[in-house]
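Because the structure is a prediction, the values reported are computed rather than measured. Chain naming here is simple, since letters A, B, ... match the order of the sequence lines and numbering starts at 1 in each.
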Amino acid sequence: MTTPVLRLDGITKRFGPLVANDDISLDLGSGEVLALLGENGAGKTTLMNILFGHYVADAGRIEVFGQPLPHGSPAASIAAGIGMVHQHFTLADNLTVLDNVMLGTESLWAPRQRRAEARDRLTALERDFGLAVDPNATIGSLAVGQRQRVEILKALYRDAKILILDEPTAVLTPQETDSLFDTLRRMVARGLSVIFISHKLNEVMAIADRIAVLRQGAVVASFDKDATSREQLASAMVGRTLAEPKRTPLSAGGPVLEIKAAGLSRRHGGQRLDNVDLTVREQEIIGIAGVSGNGQSALADLISGLVMPETGSLRMLGEPVRRAGPAAMVERGVGRVPEDRHSTGVVGDMTVRENLILEDYRRRPFSRFGLLGFSAIATWTDRLIDSFDIRCSSAAVPVRSLSGGNMQKLILARVLAREPKLILANQPTRGLDVGAIAYVHEKLFEARARGAGIVLISEDLEELLALSDRIAVIYQGRLSEPQPVENVTLTDLGLSMSGHGAFDRGADQSHAA
Amino acid sequence: MDVVDLFLTVGFWAATVRMATPLIFGTLGELICERAGVLNLGIEGIMTIGAMSAWMWVYQGGDLWTATLFAAMVGASFGLLHAGFSVYMGLSQHVTGIGITLLASSLSYFVFRIMLPGVTTPPKIEPFAPLPIPLLADIPVLGPALFIQSPLTYIALSLVGVVAYILYRTPVGLAVRMVGENPMAVEAQGIDVFAVRTGAVAVGSALMAVGGAFLTISVFDAFYFQMINGRGWICVALVIFASWRPGKALLGAFLFAAFDALQIRVQQASSSLIPYQFYLMMPYLLSIVALIVMSRRAAYPKALLVPFRRGER
């Protein structure tokens, strides 16, 4: 290894009783890609936020190019040559690319901006690193992959020598990920150093020179890429070997949900739906792949009864659904695992108990003569907490104090206890750690074996390939014909998700057949 | 008097420009605050205390220009107070703003009473005299309307250009717009979000106070209770009407002022069949209609009303 450009020594950070970073020491060499691998909550992002000055460490020191870095000052970190691509982009949607890049690069009291010079410099950088974006476009008009380029350009524009990327591939298609990796390789070839944060093993193996594994706030292992394997990394990351639940072959039964030629116009700035056909049968999982924002939410709203299709029809268990109404859909046997747990899945400030009966509180025995039946509720919810292993200090604590995994278990308990005929699982494992993911998958398989039809919307392609019986791709509001998972490859999925219809052609052929 | 004739009279147009002046100051001030992501409902009170302190300064023997400066400084300090609560402590901008309005208005009346006990009719000062601009003032109609005005009116008009230039052409303007859109982006570029927001609120509040001062040391020559009379709230609406753009803010201020000037004249000209309150209501009603029409697709600053907290998870 060459001389370190960055050295972290004994970094410790606590949030209340939680130790987010526990005595972490790391070195980064010049021209090196160091991957920080770890599950959610392992402390990766916290560590990088300390490095970039968003947080102040409780203990430890940071040296950049041999110089100590002052704590808690993003300005000092930028001046020292550190650039950060945040997981949630720090861009202003209503302003242009150039505005976003120029912010903070000139003295605030300069009488005017040097926009022409800045534009030239930006275009030169775009050319050098293969990161084409129109400097005059507003951020709001750009696709997610392009926004990420702007984030990287911001760092390069400020002469970053060390680039930190926090979960950069979470929002990208496989092809965009490849192009990001090309960019990173160009940077490394020019002597920049990169810290790449991820929890995805295949990406880490593809791009990193060295891999440091974080678990529960501490560095538990460090490997050279050439001297390790996916299996070794996985067990270091989780701390135990993990059995992934496997899909058992089952033959699908009769139709549960039939969507025919459904159309929905653009509303609330969301994507419209265009002539969507989808039939979900008993004992099968239909995977819906797609880059976020291509109509997944509209489809989910349709299935959960929040909206009615403007054209076409919707049938549940053979009966036509004519009026919108989520409660009515739940009564018909739809179970919903919503995309955003926090905003639509639970009421954070209400208790575990109250959240568990959100869909049932109007029914006997939970409610009699307009009064809640507390003892019936307590018996029922205690049983759910027990059988779904929801870890909470008491059933009376507010749900927001639960971890993401336990919150998801609560939602699954609420949904599955009703034995729904159709389950809409929208991003059911987003942001969960490997153990919780395995749990969710197992529960979905159990529901499928019981006879439920499941619509699984996910951005995690490996999850889709592992769980689905058939997979369809949604792109700009159009849904392809679902293909049996055996005929689907990761490459096909990636191409169709970016509109290069490898999948659609397959669908057309099957129509013709 | 015919209504058509009315639009041709110099008096009408001059009154419109005069009445627009405090609204221009107030709207630009509020616009700067909101562009930085901070709603400033302290505006009504800040205009009141600006009006009182400028008048009192002159009454105690100060000259008109230092009075304007003094009002601006008083306004800025109330802006700092608002920023202390809403920016640094991250409290509700609505509640803090209304609190500032109540505090500043009451304080104005209190100070006025303490300093002038036992006064029944408000004492008078010598206000700004109209300053004709040579040559330009000789243009028919337009000249007397635009160019024989108070010096503060000229300042208000030129401020529209200055504020627009600063917001759109300078690094500090970019930083102000950016903290109103996504404070995290500003923080990530090593700029202090709190400082930018606080500065914007202080400057904006100073402008509001000068808007209030214009009423006591330029239009009128005395300080009355309730003399701001909702102008601050109108400015808050005008900012939305203007879609947070200085040029459209000028347009909005003129429009409202024209309704107001028209209302007075129609009231004088028409019979007593219609109660005068109806005319008083007209400018507000028309503003609401204009607001509905103009602001339906307004793209408000994304981080407006959202407090920023450092190091938050």
Sort [X] into side chain, backbone, both or neither according to what part of it lies under 4.5 angstrom from a heavy atom of chain B.
X	answer
A:Arg114	neither
A:Asn49	neither
A:Ile78	side chain
A:Ser107	backbone
A:His86	side chain

Is it the side chain or the backbone of B:Tyr165 that comes within 4.5 Å of chain A heavy atoms, both, or neither?
side chain
How many angstroms lie between CG in A:Leu103 and CD in B:Glu181, if you round to the nearest 0.5 Å?
12.0 Å
Between CG of A:Asn94 and CE of B:Met178, what distance do you get to the nearest 0.5 Å?
11.0 Å
Is atom [atom1] of [X] surrounded by more than 12 heavy atoms (other residues, nucleotides or ligands) closer than 6.0 Å?
X	atom1	value
B:Arg245	CZ	no
B:Tyr300	OH	no
B:Phe85	CZ	no
A:Glu63	CD	yes

Counting heavy-atom pairs closer than 4.5 Å to chain B, which one of [options] comes out on top?
options	result
A:Glu106, A:Met102, A:Met84, A:Gln113	A:Gln113
A:Leu91, A:Thr45, A:Asp93	A:Leu91
A:Arg115, A:Lys154, A:Arg112	A:Arg112
A:Pro111, A:Ala155, A:Gly104	A:Pro111

Minimum heavy-atom distance between [X] and [Y], given as atom pair plus value:
X	Y	result
A:Trp109	B:Val172	CZ3-CG2, 3.8 Å
B:Gly190	A:Ala75	O-CB, 3.4 Å
A:Thr90	B:Ala185	O-CB, 3.0 Å

Passing option when B:Leu174 is tested against A:Leu95, A:Leu108, A:Leu98, A:Thr105 for side chain to side chain contact (heavy atoms under 4.5 Å, CB included):
A:Leu95
Check for a donor-acceptor pair, side chain of A:Arg158 on one end and backbone N or O of B:Gln189 on the other, with a separation under 3.5 Å.
yes
